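Each remark here refers to the structure printed beneath this line.
Everything numeric here is computed off the predicted structure, so don't read it as measured data.
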2 protein chains.
Amino acid sequence: MEGKQVKEDMEARLLEGGVRPTAMRLLISKFMLQQDTAVALTDIENAFAKVERTTIYRTIKTFEEKGIVHQIDDGTGIQKYALCEKGCKCDIARDLHLHFHCRNCNQTVCLTNYKLPHINLPQGYSAEDISLVVTGICKKCGL
Amino acid sequence: MEGKQVKEDMEARLLEGGVRPTAMRLLISKFMLQQDTAVALTDIENAFAKVERTTIYRTIKTFEEKGIVHQIDDGTGIQKYALCEKGCKCDIARDLHLHFHCRNCNQTVCLTNYKLPHINLPQGYSAEDISLVVTGICKKCGL
DNA sequence: TTAAGTATGCACTTCCATTGCATTGGATGA
DNA sequence: TCATCCAATGCAATGGAAGTGCATACTTAA
Ligand SMILES: [Mn+2]
Ligand SMILES: [Mn+2]
Ligand SMILES: [Zn+2]
Ligand SMILES: [Zn+2]
């Protein structure tokens with residue numbers, strides 16, 4: 001019954017975002033909900049051998065457009081994604097947060113409690129998005 | 001004669017870094033010195049049609065290992081590079097700086113005067129490298 | 001029930017990073 | 001000067017991942 005609750009929550013969330021909650025989309029979004037790290041397309045592909053890569057690709061892109069997930073560029077050159085938090089508008093000051101990439105386990109996590117510091121820029125520059133990624137050794141991999 | 005000075009400077013810099021200053025390496029490093037934005041492999045390739053892509057690739061990698069250039073991941077998925085400043089050890093607190101990527105002109109610049117703010121991490125995490133990239137509209141592209 | 005619009009599946013392309021191996025060139029010592 | 005060795009360069013090929021075009025299946029609403 002807990003699983004059902006999760007499912008309904010996710011369904012509601014997709015609907016809120018204006019995304020039709022198809023089987024595929026529920027499958028993928030629920031998978032992401034279970035992860036405690038950011039996922040790459042390939043991760044999802046491996047988790048569901050049956051599902052077409054393109055479908056996953058387009059699903060994620062749809063999620064991204066509708067503000068259901070955010071993309072993370074952790075420096076590996078591979079795009080990662082994570083679910084946005086409830087009420088997230090990807091606002092620089094309120095929602096954007098630090099990401100940590102572990103060079104040992106190669107995993108990337110959202111540190112949603114660590115918001116971005118205020119950045120000031122030279123005259124004439126305007127900020128629309130900010131990426132702050134720390135690379136090092138994560139909690140699990142540290143001795 | 002100024003050009004010659006630059007050449008000698010660059011040559012000295014390569015030698016300091018333990019890199020033999022071959023013609024190719026001087027060519028590429030001097031090219032980078034002239035740029036006011038970070039460059040991709042392809043940029044160098046286009047600038048010198050004669051030069052093999054692989055050679056550029058390996059040259060840049062050598063430079064990176066020896067601390068002559070630093071790599072920048074600006075979120076485009078294409079690796080960019082820029083010369084390190086004199087005396088740079090890529091130390092987090094002292095040397096690392098903000099990078100700005102303009103979504104209009106698609107160029108990325110080092111804001112070397114804008115050092116990284118101090119980042120604190122959750123217990124158990126250790127930082128070895130930090131990337132802070134702001135995306136938006138640059139000085140030139142803003143009205 | 002049908003028609004229109006979405007979502008999904010499949011094939012294919014493109015772009016860039018990366019590697020293996022052949023060849024060249026420059027420093028060094030006989 | 002010449003032979004030799006190692007590093008640098010060139011050439012060809014690979015591989016991974018993002019992205020696109022088009023055919024097909026599914027939903028929804030008239
Ligand atoms: Mn995140
Ligand atoms: Mn820089
Ligand atoms: Zn780790
Ligand atoms: Zn610009």
Whole-Å distance, B:L27 CG to D:dT9 P, equals 10 Å
Residue pairs meeting salt bridge (charged side-chain N to carboxylate O under 4.0 Å, His left out), one or both in residues 67-76 of chain B, sequence neighbours left out, come to B:D74-B:K80
My understanding is that only residues two or more places apart in sequence, or in another chain, count here; which of them pass salt bridge (charged side-chain N to carboxylate O under 4.0 Å, His left out) with B:K61?
B:E64
Residues in salt bridge (charged side-chain N to carboxylate O under 4.0 Å, His left out) with B:R53, at least two apart?
B:E45
If a protein heavy atom is under 4.0 Å from the base, mark B; if only from the sugar-phosphate, S; if neither, -; do that for nucleotides 10-22 of chain D going 5' to 3'.
BBB----SSSBBB
Qualifying salt bridge (charged side-chain N to carboxylate O under 4.0 Å, His left out) pairs, either residue in residues 116-126 of chain B, two or more places apart:
none
Strictly by ring-ring contact (aromatic ring centres under 6.0 Å, His included), give each pair with a member in residues 110-143 of chain A just once, sequence neighbours left out.
A:Y125-B:F100
Would you mind listing every salt bridge (charged side-chain N to carboxylate O under 4.0 Å, His left out) that reaches into residues 85-98 of chain A, with sequence neighbours excluded?
A:E16-A:K86
First contact, last contact: which nucleotides of DNA chain C are these for chain A, 5' to 3', heavy-atom distance under 4.0 Å?
C:dT6 to C:dA11
As a quick check of understanding, evaluate side-chain contact (heavy atoms from CB on, under 4.5 Å) for B:I44 and B:T59, giving each step before the final call.
CA-CA 11 Å; B:I44 306 178; B:T59 299; over 6 Å; no
State which residues pass side chain to side chain donor-acceptor pair (under 3.5 Å) with A:R58; sequence neighbours excluded, sorted by chain then number.
none
